[in-house]
**Q** 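Below: one structure in structure tokens.
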Amino acid sequence: MWNNHHALDLLAKILFALVAMAVLYAISLQLIKPPLFPIKEINVQAVQGAEKNDAELHNITYEQIEQLVRNEMEGNFISVNLTAVREAFIKLPWVREARVNRKWPNGLNVILEEHQALAYWGSHALVNTYGEVFRVSVEMDLPVFTGPNEASAYEVALQYARFNKILVPLQQHIAEINLTPRYAWRIQLNTGTILELGRNEIEERLTRYVSVYNHSIARLNQQEPLAYVDLRYPNGFAIRMPEVMQHVPRKSGTRRET
């Protein structure tokens, strides 16, 4: 072998390559360790949904961000795990989405989207404007949504917007909206009136209620709003006056639908 010049040349090249790789590896280990390339700047930007313009953080404090950076961020500009940093920001109660990227030569860009609270989900959570349930401890003047499960919050949020649009002519809005396990709808207005909409033709029934309200329903009791209106009748509706427990059908001989 020692007389084989080709074999010796090949062995020398292999040894040289191994030494070079070891040197590069040692250098890379030093480069990714502090204090080289320390992160000196973290730029936090707030956005709302698909908006590209800068927004303000309303529920995430810079004290929370500073504490997260101290406790969760490891490594330097080269070695920092951006995925881990993003996941740490996602754990903040009001953060809906987070994006993290490097900013040469020594900074990070952090883009945060806050939850925009639309309603309470029962008594233990909130619903954002995307129809997603999230949990924070807060007291706000919001409507209340309830449904068979959290997955139904999206559908409830959509129907809430449609119902409120129909109610605009009355200058009334929804205080509570309930979707039952049988997928029947019930809403309570800010006036206190409960409207039973059922499962079928729910928007048409509410539209009919609005169309007859001023010249019919509102005149029944000008002192207090109605307690309850059942709109599940095909050709009429049933009402309950305040402090009156018995339903009084507006139409006789009609059969209530669900």
**Q** So do Leu118 and Leu142 actually touch side chain to side chain, heavy atoms under 4.5 Å?
**A** no
**Q** If you draw a 6.0 Å radius around CD in Glu74, do more than 12 non-hydrogen atoms from other residues or ligands fall strictly inside?
**A** no
**Q** Report yes if some heavy atom in the side chain of Glu196 is under 4.5 Å from a heavy atom in the side chain of Tyr228; otherwise report no.
**A** yes
**Q** Ignoring hydrogens and angles, tell me if any N or O in the side chain of Arg102 forms a donor-acceptor pair with the backbone of Phe77 under 3.5 Å.
**A**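 Between the backbone of Phe77 and the side chain of Arg102 there is a qualifying donor-acceptor contact (under 3.5 Å).
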**Q** For a side-chain contact (heavy atoms from CB on, under 4.5 Å) with Leu108, tell me which candidate from Ile39, Val69, Val44 qualifies.
**A** Ile39
**Q** Looking at Glu114 and Arg96, is there a salt bridge between them, counting it only when a charged N and a carboxylate O are closer than 4.0 Å?
**A** no
**Q** Parallel, tilted or perpendicular: which one describes the rings of Phe134 and His115, with boundaries at 30° and 60°?
**A** parallel
**Q** Going by heavy atoms in the side chains, are Gln188 and Ile174 under 4.5 Å from each other?
**A**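 Not touching, per the 4.5 Å side-chain cut-off.
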**Q** Do Tyr130 and Leu158 share a hydrophobic cluster, counting only Ile, Leu, Val, Met, Phe, Trp and Tyr and linking them when any side-chain heavy atoms are less than 4.5 Å apart?
**A** no
**Q** Evaluate the side-chain contact (heavy atoms from CB on, under 4.5 Å) criterion for residues Lys165 and Arg162: first the C-alpha distance (whole Å), next the side-chain angles of each, then the deciding distance (0.1 Å), finally the verdict.
**A** CA-CA 5 Å; Lys165 187 175 181 179; Arg162 293 167 182 159; 5.8 Å; no
**Q** If I take atom CZ from residue Arg182 and atom CZ from residue Arg199, how far apart are they, to the nearest 0.5 angstrom?
**A**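 Arg182 CZ to Arg199 CZ: 4.0 Å, rounded to 0.5 Å.
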**Q** Roughly how far, to the nearest 0.5 Å, is the CD1 atom of Ile78 from the CG atom of Asn106?
**A**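 Reported value, rounded in 0.5 Å steps: 11.5 Å.
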**Q** Please report the C-alpha distance between Glu113 and Val95 in whole Å, then the side-chain angles of each, then the deciding distance to 0.1 Å, and finally whether the side-chain contact (heavy atoms from CB on, under 4.5 Å) criterion is met.
**A** CA-CA 6 Å; Glu113 179 187 355; Val95 174; over 6 Å; no
**Q** Within this structure, what is the CD-CD distance for the pair Glu87 and Glu72, rounded to the nearest 0.5 Å?
**A**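 Taking CD in Glu87 and CD in Glu72, the distance rounds to 10.5 Å.
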**Q** Please lay out, stage by stage, how Arg240 and Val229 fare under the test side-chain contact (heavy atoms from CB on, under 4.5 Å).
**A** CA-CA 6 Å; Arg240 182 188 301 163; Val229 181; over 6 Å; no
**Q** Grab the two heavy atoms, one from Pro148 and one from Pro181, that are nearest each other, plus how far apart they are.
**A**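 Shortest heavy-atom separation between Pro148 and Pro181 comes out as CB-CA, 4.0 Å.
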**Q** Taking the side chain as every heavy atom from C-beta outward, state whether Leu195 and Asp230 have any pair of such atoms under 4.5 Å apart.
**A**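 No, side chains not in contact.
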**Q** State the OH-CE distance between Tyr120 and Met140, to the nearest 0.5 angstrom.
**A** 7.0 Å
**Q** For Glu155, give me all partners under salt bridge (charged side-chain N to carboxylate O under 4.0 Å, His left out), at least two apart in sequence or on another chain.
**A**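 For Glu155, no residue satisfies salt bridge (charged side-chain N to carboxylate O under 4.0 Å, His left out) once neighbours in sequence are set aside.
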**Q** Are the side chains of Asn109 and Val100 in touch, meaning some heavy atoms are under 4.5 Å apart?
**A**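 A side-chain contact under 4.5 Å is absent here.
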**Q** Could you tell me whether Arg86 and Glu97 make a salt bridge, using a distance below 4.0 angstrom between a side-chain N and a carboxylate O?
**A**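 Counted as a salt bridge, because a side-chain N and a carboxylate O are separated by less than 4.0 Å.
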**Q** Thr207: what forms a side chain to side chain contact (heavy atoms under 4.5 Å, CB included) with it, not counting sequence neighbours?
**A**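 If we apply the side chain to side chain contact (heavy atoms under 4.5 Å, CB included) test to Thr207, skipping adjacent residues, the hits are Ile166.
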**Q** Are the side chain of Arg205 and the backbone of Leu197 linked by a donor-acceptor contact shorter than 3.5 Å?
**A** yes
**Q** I would like to know whether Glu150 and Glu132 meet side-chain contact (heavy atoms from CB on, under 4.5 Å); could you show each step before the answer?
**A** CA-CA 8 Å; Glu150 291 187 0; Glu132 301 164 341; over 6 Å; no
**Q** Treating Thr193 as the side-chain partner and Leu226 as the backbone partner, does any N or O pair qualify as donor plus acceptor under 3.5 Å?
**A** yes
**Q** Please round to the nearest 0.5 Å and tell me the distance separating atom CZ of Arg186 and atom OG1 of Thr146.
**A**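 Nearest 0.5 Å value for the CZ-OG1 distance: 10.0 Å.
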**Q** Hydrophobic cluster membership, with links at side-chain heavy-atom distances under 4.5 Å among I/L/V/M/F/W/Y: are Leu170 and Ile177 in one?
**A** yes
**Q** Do Tyr62 and Val110 share a hydrophobic cluster (ILVMFWY, side-chain heavy atoms under 4.5 Å, transitive)?
**A**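 Looking at the clustering, Val110 is in the same group as Tyr62.
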**Q** Keeping the roles fixed (side chain from Asn190, backbone from His173), state whether a donor-acceptor pair exists under 3.5 Å.
**A** yes
**Q** Quick check: do Asn43 and Lys103 have side-chain heavy atoms less than 4.5 Å from each other?
**A**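 Of all side-chain heavy-atom pairs linking Lys103 with Asn43, at least one is under 4.5 Å.
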**Q** Is there side-chain contact between Val156 and Val127, with heavy atoms separated by less than 4.5 Å?
**A** no
**Q** Please name the pair of heavy atoms, one in Gly131 and one in Ala157, separated by the smallest distance, quoted to 0.1 Å.
**A**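 Result for this residue pair: CA-CB, 4.0 Å.
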**Q** Following the transitive rule for hydrophobic clusters with a side-chain heavy-atom cut-off under 4.5 Å over Ile, Leu, Val, Met, Phe, Trp and Tyr, establish whether Leu82 and Ile90 coincide in one cluster.
**A** yes
**Q** Does Val144 reach the side chain of Asn178, with side-chain heavy atoms less than 4.5 Å apart?
**A**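 No - every pair of side-chain heavy atoms lies 4.5 Å or more apart.
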**Q** Ile42 and Ile60: same hydrophobic cluster, using ILVMFWY side-chain contacts below 4.5 Å?
**A** yes
**Q** Out of Trp121, Phe145, Trp185, which residue meets the ring pair (Phe, Tyr, Trp, His ring centres under 6.0 Å) rule with Tyr160?
**A**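 Going through the options one by one, the only one that passes is Phe145.
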**Q** Sub-3.5 Å donor-acceptor pair from the side chain of Arg232 to the main-chain atoms of Asn200, do we have one?
**A** no
**Q** So, the side chain of Gln64 versus the backbone of Thr61: is there a donor-acceptor pair under 3.5 Å, distance only?
**A**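 Pair found, side chain donor or acceptor close to backbone of Thr61.
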**Q** How long is the gap from CD on Gln48 to CG on Leu112, to the nearest 0.5 Å?
**A** 12.5 Å
**Q** Does Asn128 use its side chain to pair, donor to acceptor, with the backbone of Val133 at less than 3.5 Å?
**A**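 No, the answer is negative, given that no donor and acceptor are paired below the 3.5 Å cut-off.
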